[in-house]
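To keep things clear, I will list the structure first and then write my remarks on it.
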Amino acid sequence: MNVSSPLLNLDHCIIFCKLSLKVKKPRAFQRRVWDYKSADFNSLNTALYNAPFDSAYEIFDDVNDIASYTIDLITSACSEFIPNKIVTIRHKDKPWMSNEVRRAIRKRDRCFKKYQRTRRDENKLYHIVARREINRLKRDAKQRYEINIIRSFSRENLNPRKFWSLSKSVLGYNSDRAVPPLKDNMNLISDDLEKAELLNCYFSAQMHLGQHENDLPALPPISFLTVERLQDIVAVESDVLKYLRQSNPRKSCGPDGISNHILKYCAQSLYKPLTRLFNFSLRSGVYPSLCKVSNVCLVYKNKGDKNIMSNYRPIALLSSVFKILEKIIYKAIYEFCEFHDLIITENSDYADVIYDNCSSADSANIEHVQRRACIISTGAIRVTKHVTLLKEVGLELLETRHKVHRLTYLYKIKNHLVPDYLRNLHPLFHHNTENYNLRRHANLIPIRSRTVAYYNSFLLATIRDWNSLSAELMSATSLASFKRLLKKNLNLGSKKIYSRGHGYEKKIHTRLRLGLSALNDHLYKYNLTLNRFCDFSPAKGNSNDTKCNVQNNIVDCRNLVLTKIPRDLPVKTTSLDLSKNSIKIVRGFTFQSLRNIIDLHLEYNLIQLIEINAFHGLHRLRSLHLNDNFLQLFPNGMFESLNGLQDLSIDSNKLQYFQDKKIKEMSKILSLRTLSFDIYQDFKFPRQWSTLSKLTNLRIFTRSAKVQFNKEMFVHVNLMPIMSLYIDVVPFISEDFLEHFPKLDSITLSIGSDLPNSPIDQVFKSFGVFRGRNMTNIEIRSSRFNNGFTLNHKRMKYLWSICLKRLTLHNLYIKDILIYAMQVFSVQSTCLEYVDISDNIIMDRGFSLFTVVQNFKNLKILKFAGNWRHSRYKRSQPSRLLSFALPKTLEELYIEDNLAGDMSSVKVINGLNLRVLSLKNSEIWSCEGSFAGVINVEYFDMSGWTCEKLSINLLYGFPNLKTLKASGSLLGHGFVNTAGAGSFLSKNLRLQDINLSSNRINNIPNGLFLRPFDQLSSVNMSHNNLTIFPKFHASKKALKIIDLTFNSITHFNNEDIGQIEKLGKVDIFLRGNPFQCSCKTLQFLKWLGQTNRVPDILDLTCVTEKASRRFMSEVISNLKTFEISCKTKFWLAFAVSITSIIVIAIIITVIFFRYKYAVEYILLRLKTKMKNYKELQQEYTNDAFISYSHTDWEWVKQFHDKVNSMGFKLCLDAKDFIAGNGIAENVISAIDSSRKVIFIITHDFLKSTWGSYEMEMTRMHAFQKGREDMVIVVVRDKIKVTDMPEILKSMWFKITCIQWPNDDNMPYNTEEKFYEKMKMSLKNKEDTTLLYSRNSVI
């Protein structure tokens, strides 16, 4: 501890200390974890049944040794057949932590230490890489953990216990259960071992018996109630078996490690040795010490300090095995006491009267139990009012009933109608303590209380209720009269209940009486529906309540997440499918109103219980499917009413112990023809089933890898006419197994893939019993072993001597077929009509196998699909001709997902009988070949090819083709790259069905469908890129379906609509196209609203002008409004356009008149340039151009002659304008060719239009050419400035004008001076030195 100096100017010092505390991390520990879900309980039962439990009694004499030996035998057997492992538990581990992440962390730490030691860059890089790898692994682990949590929460069978367990783990409530440090006097204990020892001492001290632990305390004198004594307690095997089966697997096990899972599922093999052990312990009088040991768990009491030991409660986990011994001892003592009347039952007679101190919440829960019982008994809906419901059944509230019982019992006490030991409870009355008469003389004296519990006890609460009664009630003369008056006082009355009709009818009547039924008016009052009126729209095939699909008495309720079977199904239902739901219980009399059901599907549900009479009334039932559920047993008499049942499926359930008496239930179904069930190890075909004389189809599902199909398993099956046998998973089969099936005609064996050894040789050998017999079908499938096998002579020889019609070898990992074996088989098998060898790994032999196949004499169908997937062809140049032979009788050939290479010309020998040819999903890289020899093929499938290169002759070899499948073959590229692609189908005029979907077709080649396909009924062009409707021949009246779904069509134009109308009654499917709902497509929308040729119109969507997507049906329903809006938009746009044009015209007109001279000048300049006019730069033909009024002609002529005599050349219109040219053009030409322009201003000139025109042209020319000094204004008449036009004013104020001498008073106003000034003005600017002042008149 240290003291620092004062801070700044303060007088306070800081005292600080340094503590060295060692924080101990919780120790990791190991525990063994058992995976009971993957346990092999069949084998475990067998092992325990054969275990040497009896040898313990020969070796040992002590009960403790025998008990330890028995537990060891059970534990050793469990460790062999139940997967288990030892895991390390670390308290601070995250729930998503895995061993992979831990290894990565250790690797990162090693890399970091190495880098710290060496300081090398490469080691630093290794550390960074390891750190990034940890981040990735953590992210993946967290993601997997979250996905598992989500899957756990989304399970259909999630119970509340599991839900809260998952919730607490996610929220972190169970993250740390470690006990904090505990206080021992003044010490704080943090070590786990020390804490355990401290707690052990504390809890053992609470059970201290005294100084002598082994001596029991002295008991007081006992008076025995009987002379009989319980001498011996014997454990009975039936009781032990019952208690074992009742074991709860959720309970934790004791220190012996024997879980309740083992006791429950191995009860059949454990009850005998455990019964002997219990009896040996009871006879010897020694309780095994093993069962006296327990695992003690601490539970915090949720109060006080967690560091104090007294705030914890110990929970002892005892041995589950010896808990059964305790139950046996308890049962023996209880039965002894009950037999000799040693159990006092008087106190329990009035327990409901005495106990009245529960909380309001408990009272509500108890009341809810009665309400639930009323709902169940009456069939009322849950939200029915409680008062109405009690009135219906004639009951009252439990609180009221309890009050009646209490008052009645107090009346009995008062009138001495109870046993003597209760008479002392009689309280004093007021008249016993007072000598005068009072109004309350019959009242009881209240008892004071200090606690709420005592205040609400029986005596105090009943006294208060008694004192509130009337005097007539208190003075009742008999118990019956008291009860009658009490019910009258409390308005309690009885109600007569009648039974009429069946149960379901009673419930309907009850709901109607209660005012809450399925009627919309009732539901509307309780806010359960939005409309109180019925919907009289036509039915659409779906039930409103169940949402089941109803069509032609067939009800489909699959995948609706139903938890119970609907009650409102049509009475005439003949087929009901309730599969793939969440139904758990099939209640009794569920189908009694559906007496016409023939087919009932309940598979893939969560059914755990079928009640008695569940199938009552189904006398016409022919098929019942209960497979893939959780059934453990069938009720007695379940199949008695199913007299006509022919097909029964009970496989994939939990009917492992479905034996003995329960087997007799199925033996009563004498009409049964098909049976599907599960078998386990050591299964024996029940002898009772031999009565099923009509059973012809047997479907067996193996649920254990140790099942062996041998002759002894089906001893009694030879008494039944089994013709068809299906076995799912064949771990082992003996050669003589099939001898018990003398009438067997078809056999299917699904080998399985999770087997230790491949039984394929045993399977072929077992067919030896069919030698010389006629068989319809042999099918072997699903044998996936990594090494595979070869179909050789050794295996095929067992099939030669069988007259077999169908052979299927599917998904067997056949890696090779020997040519010799197949050749002999093809020659010997004269009856074979169908061969299917698919989904194997056969090495590629090209077409060599077909040289053998042609030897089959009666073969009609050959399937060879999905075999050469591991050895594809390498792409090479196609051969010119590929020829192979087929059996002459072959009608259907399927070579799918096998071929690879470029298409070549194929010639088939003996192919005249071939009707079906399927080559789909083959890797054909170009389609430039053709076919020959198969002219009678009616079905051809080339889907999945790559036809970027296409030959128009590809299908010419199929003139009788009726169905063409070419989906996903890239024909769109082939059509573009091939000239004359419209002739691709020109030779196949008998086509009925064309499928060209998913081919990336943008445009259909011209003429592709314009051929006369008279029989064409269906065209599939879906999933392409078409934008317009295909063009079809007008004579195609047989066309029924055109599929254009998922293309790029935005609308149909009038031409497309007209063509569709010509095609007759054809259904066009258009779903998935990007239709547009705009004014441009209004005509298309109208057609959609009127036509009935688009069946999927309800699925169509379109994009509006506002870029929003809507259903087409909504747009069509409001089409009138949409059309009005479109017309409004048109006229609005038209009005705006016309108005704009008018406004623009007005503006142009105003501008033109305002600047008409400028415009005209520009036009004249352009016209001049178009005539190849070239300007003379600073070279003028005239010195000046005279602009004047023709009324002043005489004066102008004199002026012209005078100036001309001065040596200046003037331009005058009368002598210089070119005849034939426009006046305006001559004016512009004169201005351009003159250095100056002289305006003779007179009154007549100002009135002249051409004068103004010439001034405007001059001004424009001077502005454009930069010659503002080219204008000379001569004012001849006396004109005021205010009378001048604007253009002349602008000249008047900018340049100096020359005045003609008219005013004698002005100085120098003579003609000589005038012409002198004119001469000076006409000279070049360089020669002129005289300047005139601005705005002066010369």
Any luck finding a side-chain donor-acceptor pair between [X] and [Y] under 3.5 Å?
{"X": "Arg245", "Y": "Gln268", "answer": "yes"}
{"X": "Asn627", "Y": "Ser652", "answer": "no"}
{"X": "Tyr69", "Y": "Ser55", "answer": "yes"}
{"X": "Ser649", "Y": "Glu603", "answer": "no"}

- Message: So that I can tick it off, tell me whether Asp839 and Arg781 are bridged by a salt bridge, with the cut-off set at under 4.0 angstrom between side-chain N and carboxylate O.
- Response: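 No.
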
List in chain and number order the residues that pass side-chain hydrogen bond (donor to acceptor under 3.5 Å, both in side chains) with [X], two or more places apart in sequence or in another chain; answer none if no residue qualifies.
{"X": "Asp651", "result": "none"}
{"X": "Thr563", "result": "none"}
{"X": "Ser269", "result": "Asn45"}
{"X": "Gln762", "result": "none"}

- What distance separates His261 NE2 from Leu263 CG, expressed to the nearest 0.5 Å?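 The CG atom of Leu263 is 10.5 Å from NE2 of His261, to the nearest 0.5 Å.
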
- Item | Spatial distance of atom SG (Cys111) from atom NZ (Lys107) [nearest 0.5 Å] |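 With rounding to 0.5 Å, SG (Cys111) is 6.5 Å from NZ (Lys107).
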
- Any idea how Phe677 and Phe683 line up, ring-wise: parallel (<30°), tilted (30 to 60°), or perpendicular (>60°)?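 Because their plane-to-plane angle lies in the 30° to 60° range, the rings of Phe677 and Phe683 count as tilted.
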
Counting only heavy atoms not in [X], do more than 12 fall under 6.0 Å of its [atom1]?
{"X": "Lys124", "atom1": "NZ", "answer": "no"}
{"X": "Lys114", "atom1": "NZ", "answer": "no"}
{"X": "Gln116", "atom1": "CD", "answer": "yes"}
{"X": "Lys242", "atom1": "NZ", "answer": "yes"}

Below 4.5 Å, heavy atoms only, C-beta onward: do [X] and [Y] meet side chain to side chain?
{"X": "Tyr115", "Y": "Ile128", "value": "no"}
{"X": "Glu194", "Y": "Asp192", "value": "no"}
{"X": "Ile328", "Y": "Tyr243", "value": "yes"}
{"X": "Ile258", "Y": "Ile71", "value": "yes"}

- Message: Name the residue from Ile751, Thr702, Val763, Ile679 that meets the side-chain contact (heavy atoms from CB on, under 4.5 Å) definition with Ile727.
- Response: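 Among Ile751, Thr702, Val763, Ile679, the one that satisfies the side-chain contact (heavy atoms from CB on, under 4.5 Å) with Ile727 is Thr702.
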
Tell me, please, which residues at least two apart from [X] pass ring-ring contact (aromatic ring centres under 6.0 Å, His included).
{"X": "Phe709", "result": "Phe737"}
{"X": "Phe701", "result": "Tyr726"}
{"X": "Phe53", "result": "none"}
{"X": "Tyr287", "result": "none"}

Checking the side chain of [X] only, and the main-chain atoms of [Y] only, is there a donor and an acceptor separated by less than 3.5 Å?
{"X": "Asn307", "Y": "Pro181", "value": "yes"}
{"X": "Asn629", "Y": "Asn605", "value": "yes"}
{"X": "Ser281", "Y": "Phe278", "value": "no"}

- Partner of Asp140 by side chain to side chain donor-acceptor pair (under 3.5 Å), out of Lys142, Arg136, Arg144: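 Result for side chain to side chain donor-acceptor pair (under 3.5 Å) with Asp140: Arg136.
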
Contacts of type salt bridge (charged side-chain N to carboxylate O under 4.0 Å, His left out), residue [X], not counting sequence neighbours:
{"X": "Asp65", "result": "none"}
{"X": "Arg120", "result": "Glu122"}
{"X": "Asp305", "result": "Lys183"}

- Message: As a quick check of understanding, evaluate side chain to side chain donor-acceptor pair (under 3.5 Å) for Ser320 and Asn260, giving each step before the final call.
- Response: CA-CA 7 Å; Ser320 300; Asn260 285 333; 3.2 Å; yes

- Query: What pairs of residues pass the side chain to side chain donor-acceptor pair (under 3.5 Å) test when at least one of them lies in residues 75-86, not counting sequence neighbours?
  - Reply: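 Pairs touching residues 75-86 that pass the test: Arg32-Asn84.
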
